[in-house]
Amino acid sequence: MSENLLLDSEIGREWWRSAVIYQIYPRSFADGDGDGMGDLKGITQRMGELQELGIDAIWFSPFFKSPQKDAGYDVSDYKDIDPLFGTLADFDVMLAKATSMGIRVIVDLVPNHSSDQHPLFQAALAAGKGSEEREMYMFREGTGIKGELPPNNWESVFGGPAWTQIEDGQWYLHIFDSSQPDFNWDNPKVIEEFESVLRFWLDRGVAGFRIDVAHGMAKEAGLPDVVENNSTMTGVSEELKDYQHPFWGQPGVHEINRRFRKVLDEYQDRAMCGEAWLSTIPKMAQWVRPGEYHQTFNFGYLACPWDKAELRKVVDESIKEFGGVGAPSTWVLSNHDTIRHATRMAYDEIPKQGDGIGPDYPQPDEALGQRLARAASAFMLGLPGGAYIYQGEELGLPEHTTLEGKYRQDPTYFRTKGERVGRDGCRVPIPWEADAPAMGFNTTGEAWLPQPNSYKIYARASQRGVAGSTLELYKRLIKVRKDHQMGHGSLEWADEYAGKNSLAYINNGVLVLANFTGSAISLPKGELLATTQHDLTIEEVLEHDQVAWIKL
Ligand code: NOJ
């Protein structure tokens, strides 16, 4: 099989088509000032480690000014940095360092809602009923005899009603926490406000945006009741997949996508990726039609178990549907809203998105999770398109599944009175050095969420240079992927190399062979480029739950 390599200049403009993008959750990556909360200085200090990993870009979860009621997804000033994370000057230093290392920077835009402390919401409260200021958000009169009931039956993703009543009797909508009022995207002033936010960050030099709740901004006219309440970001259940939900995936959102895209197109080589949790891949693909987003997260892939038939199906469908509108597929296994895949994969039955795992739940088989997560990552990183990795997954980091209630900060935990423990377990500060204070997260030992002792064995310093470690595996996979331009390649299933329980595909001359269950399989002749099976040689056999990359 021959390789079809592109020139660097051909890749440049559309770098996002093949990029490996690393998600930093700023609270938990590295803490430069030792207060227990990660920050921009800490990130800048550790940037070299990301260059070593070989990533192309970083997506930062929000570090904007915010009361932190939803860990920064409640923004009170879109054009400034929260003092917890530093200053705009610290951002510029971080950006310059990343750029000097060939790493692009993507920031998180949160346009569905602001913080209730945002000056626009405060002005809306102060201005009163019927004012222009109220028109920036979703205020309505209530129902019931005296308006004492919410305007409709919508539920918050974090639990409880999606409406809160204020003193003058009106109610405001918040699909998330009551501290996160939804903007009124039918109001042209809201679009103008966000176009200015986009330009602010583009002028500062960012390579693009991840757009939060990209599927939630437009609401159905008249705000009708939801037929089946299902308060997660994934929208409706599989049985209702043809149902048009009144606030997820409304057609009106595409006009907003196009307005955002026009702004990005005024600049060179910028991209935006939508967070659009929709129940089918064909629906997700509508977000990346020409003139809309460049990419969207492939949550169908994230939700797919380590299963031969299901993986093949989701890969085929993704390539067909995203390719059908001229977009690359993305691939992702973990992020700050989901149970880390090194833990998730050890369960047969996975809690609903956003629910999390607490100390009272059945605990996972850690070794099984490690094995499956390494295999799943090696399978994913060989696929053509863009790949997203979440900080810590390159260490094999599992979820913190025994975090006590007293430490929990996710609004889901509070709004459901602990019934759903929420997402804190995947947001714990990552370990850098096994025996340093806070495992090297800082020098003081403070941490906004306590790290479990078990994280020590995953410390980056303990894995660096150690053959067979998950960190070295990721580095190797990313390097081979880049050397062979697999992100830009195309996938062909290669059943002639696969046994009954394995999958094989070829991408740009590299065979990716994944063995799922049962007996070991023999490897074809060729050069062994990367493998999850430590110390494997081409003469040996590939065991179950292992993946090998071979140059044919
Ligand atoms: C999606 C974000 O990823 C999540 O963390 C946040 O809670 C909600 N949107 C609300 O902004």
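The figures here come from the full heavy-atom set of this structure, side chains too, leaving out hydrogens, waters and symmetry mates.
Between the side chains of Ser66 and Asp82, not a single donor N or O lies within less than 3.5 Å of an accepting N or O. Side-chain atoms of Thr330 and Tyr388 form no donor-acceptor pair, as typed in the model, at a separation below 3.5 Å. For the residue pair His174 / Tyr137, no side-chain donor-acceptor distance below 3.5 Å is found, with atom types taken as modelled.
Of the possible polar contacts, none joining the Gln250 side chain to the Phe247 backbone as a donor-acceptor pair under 3.5 Å is found. Proximity of a side-chain donor or acceptor of Trp331 to a complementary backbone N or O of Pro384 within less than 3.5 Å is detected.
No salt bridge links Asp74 with Lys69; every basic N to acidic carboxylate O contact stays at or beyond 4.0 Å. Of the charged side-chain nitrogens involved, none lies within less than 4.0 Å of a carboxylate oxygen, so that Lys320 and Glu317 do not count as a salt-bridged pair. Salt bridge annotation for Glu135-Lys189: absent, with no cationic side-chain nitrogen under 4.0 angstrom from a carboxylate oxygen. A salt bridge between Lys475 and Glu52 is present, with a side-chain N of the basic residue lying under 4.0 Å from a carboxylate O of the acidic one. Using a 4.0 Å cut-off between charged side-chain N and carboxylate O, Arg27 and Asp39 make no salt bridge. Taking a cutoff of 4.0 Å between a charged side-chain nitrogen and a carboxylate oxygen, Arg46 and Glu49 qualify as a salt bridge.
Remark: Glu132 CD is loosely packed, at most 12 non-hydrogen atoms of other residues, nucleotides or ligands lying under 6.0 Å away. At most 12 heavy atoms of other shown residues, nucleotides or ligands fall within 6.0 angstrom of atom NZ in Lys41.
Aromatic ring pairs are classed by plane angle as parallel below 30°, tilted from 30° to 60° and perpendicular above 60°; the pair Trp493 and Phe379 is parallel. Ring geometry for Phe63 versus Trp201: interplanar angle of 30 to 60°, hence tilted. The aromatic rings of Trp432 and Phe29 lie perpendicular to each other, with more than 60° between the two planes, well past the 30° mark. Using a 30° and 60° split on the angle between ring planes, Trp248 and His215 fall in the parallel class, below 30°. Note: Phe64 and Tyr78 have tilted aromatic rings, judged against thresholds of 30 and 60 degrees for the angle between ring planes.
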Between Arg210 and Glu275, is the salt bridge (Lys or Arg N to Asp or Glu O under 4.0 Å) condition met? List the steps. CA-CA 7 Å; Arg210 175 261 188 193; Glu275 186 218 19; 3.3 Å; yes
Working note: Arg289 + Glu292, criterion salt bridge (Lys or Arg N to Asp or Glu O under 4.0 Å); need CA distance, chi angles, decisive distance, verdict. CA-CA 6 Å; Arg289 292 176 296 190; Glu292 299 197 37; 3.1 Å; yes
Verify salt bridge (Lys or Arg N to Asp or Glu O under 4.0 Å) between Asp92 and Arg204, making sure each step is shown before the conclusion. CA-CA 8 Å; Asp92 292 338; Arg204 236 181 163 92; 2.9 Å; yes
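One distance of note links NE2 of His294 with CH2 of Trp15; it measures 8.5 Å at 0.5 Å rounding. How far OH of Tyr293 is from CG of Asn257: 4.5 Å, rounded to the nearest 0.5 Å.
A cation-pi geometry, defined here as NZ or CZ lying under 6.0 Å from the six-membered ring centre and within 45° of its normal, does not hold between Arg415 and Phe158.
Ring centroid separation for the pair His336 and Tyr73 comes in under the 6.0 Å cut-off. Ring centers of Phe183 and His113: at least 6.0 Å apart, outside the cut-off. You'll find the ring centres of His484 and Trp549 outside the 6.0 Å limit.
Using a 4.5 Å cut-off on side-chain heavy atoms (C-beta onward), Tyr25 and Phe60 make no contact.
Nearest heavy-atom pair across Ile256 and Met217 is CD1-CB, 3.9 Å.
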